[in-house]
Amino acid sequence: MDDFSILNVWGGGQLLAFSAFDGTTDYGNGLVLRTVAGCTAFEVKLPREGGAVVVDTEPPLHCMTAGDRFVLETRSGITRGALADAHHLLIDGPCRVLGLNGVVRVARKGGRTLLGVREFFRTELLDADFDAVFAARERWLAALKLPVNLPERSRLALLKACSQLKAQLNSAEGRIRHRWTTPDRWPHRHMWLWDSVFHAAGLRWLDRRAARESLEAVFDAQHEDGFIPHFTSPLEASEVTQPPILAFGMKLLDELERDDEWLRSHYRKNAAYLKWIFAHRDTDGGGLVEWKIEGYAHCRCGESGMDNSSRFDATVELDACDFNAYLAQDCEIMAEFAERLGLPAEAAFWEGSRQRLNMLMNERLWDAENGLYVDYDVVNHTRSKIQSSAGFLPLLSGAPTPAMAKRLVAALKDPERFATPFAVPSISRSQPEFYSKDMWRGPVWININYLIARGLERYGFREEAETLIGSTMAELEKFYFKYGTFFEFYDDRCECDPPELLRKNACDADLSPYHQAFMDYGWSAALYIDMVFERAGGKAVQAAHAC
């Protein structure tokens, strides 16, 4: 696969890291590099930033850049590289290594260069069979059974998404006892709750065991009282949670391969988690749940996943339309699981919980004037005036009546609100005071489009769902072929490219790595994989690594 016919778009921000599909990774000391735009170079990002591998001062003439190996043709000739393990990058061909920090060192022999973490440096790898090392990194991707008869653009983008997702798999370490995924190997690095579910949605088509483990790893972080943190690393965890969609992820895996023993074990764990939410996130006792509000100016509600959305600018507790929709959907799925596992009383409990949440959402969160669900201020007892993409998510749990669902579709098709050049914007364009090009304050997120489409399908709006999935795939493909990567979010107005969008009020990586649109972003790639496979025939398409 090194003939420049695939993975052949060079751009900044493509990540290189060793994958748990090939061996043991190292959270604290693993080597992670990132491509540099405008030249042929890789900057060292971990285990500590500093230094670069420079192949040429101009972009490559041709390239093949996977998540753990590369082939580059420049004015100087051909340079190949591959991660030998979690700590070493072996390079064959011309390159220069500049400005290394003290944590990383380099050795050379003949036409070979070995870049590695000083503490684990193995000079003997300079004598390794380079072709064998390269082939070992290539094997997983080459063995995948992908859908046939795909449009060429989709096939090439799919290979990128698979390669990217491969490099985001970590081995068990510390408090995480299973292989686990991360949104990106730098700078996020940790395991996130709802990200892991979306990663599993893509992984289920490629390696079902890895997909199961990516959910099991999230449960590894569960506290005795049922709480699950929104992020976990081998060393630490957060004190807030994230959207409760673990049963949804379990159901996605179950659709391809039933395993009642696995389901029974994780059913109990998710039941404890959902009951923790009911006990700790209904602060006013009104029956609907509220996200925990934080005091950070550009992250008022990391628990919601919509960190800086203008929904949370008033920093008051809200009966949240997305939180309750996710919770109701998981309750519905838990009822299905309980019925299958021979637990009729528990099935009735979960279904009753879903119906109660749906009823309360319709009573309290439905904005009849605008035909959209909104949040409810439990302090001032008023509905929010902010119209956001979260307002469509009650479709997932079956909350709207058919008439209400039609009004939601009308809102989606309204060019003054949500029918932007690339839909669905995170905030309605009818509200300029809340509208910008900053993360959740306007731009489009792939996971929300994916969920809205599933809600539309539930209500029989298949044409609208297909249109949304098609436009989402087209946008991902468009920018893959321009930049060689999948981004975290995209401009709803199609006025600027993803690297120009603000992230938490800035677009300046010198201020912080978190003030830039992330590239090689996990759920964008994983959900692209799921959309491609589903479009290609769903359950009829079999993955090569099914276990």
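Numbering of residues begins at 1 and proceeds along the displayed sequence.
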Run the side chain to side chain contact (heavy atoms under 4.5 Å, CB included) check on Met306 and Phe312 step by step: do they pass? CA-CA 9 Å; Met306 293 189 174; Phe312 309 114; 4.3 Å; yes

**Asked** Can Thr283 and Glu290 be said to form a side-chain hydrogen bond (donor to acceptor under 3.5 Å, both in side chains), step by step?
**Response** CA-CA 7 Å; Thr283 59; Glu290 304 91 41; 2.6 Å; yes

Checklist entry - Just checking, any donor-acceptor pair under 3.5 angstrom between side chains of Asp319 and Asn324? => result no

The reported gap from CD in Glu332 to CG in Leu327 (rounded to nearest 0.5 angstrom) is 12.0 Å

Does a side-chain N-to-carboxylate-O contact under 4.0 Å join Arg340 and Asp254? yes

Across all chains, not counting sequence neighbours, the side-chain contact (heavy atoms from CB on, under 4.5 Å) partners of Glu236 are His190, Phe231, Ser233

Determine, stepwise, if the pair His87 / Asp26 fulfils side chain to side chain contact (heavy atoms under 4.5 Å, CB included). CA-CA 8 Å; His87 305 115; Asp26 187 338; 2.9 Å; yes

Do Glu294 side-chain atoms and Gly302 backbone N/O form a donor-acceptor pair below 3.5 Å?
-> yes

Residues 157-168 vs side chain to side chain donor-acceptor pair (under 3.5 Å), sequence neighbours excluded, gives Asp22-Lys166, Asp68-Lys166, Lys160-Asp520, Gln164-Gln168

Could you check Tyr373 against Asp322 for side-chain hydrogen bond (donor to acceptor under 3.5 Å, both in side chains), going step by step and ending with a plain yes or no? CA-CA 9 Å; Tyr373 289 90; Asp322 49 351; over 6 Å; no

* So does Glu336 pair up with Lys251, basic N to acidic O under 4.0 Å? -> yes

Check against ring pair (Phe, Tyr, Trp, His ring centres under 6.0 Å), Phe486 and Tyr528:
CA-CA 9 Å; Phe486 290 95; Tyr528 179 80; 5.5 Å; yes

Q) So does Arg34 pair up with Glu43, basic N to acidic O under 4.0 Å? A) yes

- [ ] Give a yes-or-no answer on whether the side chains of His178 and Glu213 include a donor-acceptor pair shorter than 3.5 Å.
- [x] no

_Asp195 and Tyr521: side chain donor to acceptor below 3.5 Å_ = yes

Item checked: Salt bridge present between Arg281 and Glu317 (N-O < 4.0 angstrom) -> no

Chi angles and distances behind the side chain to side chain contact (heavy atoms under 4.5 Å, CB included) call for Asn170, Thr181: CA-CA 6 Å; Asn170 294 269; Thr181 60; 6.0 Å; no

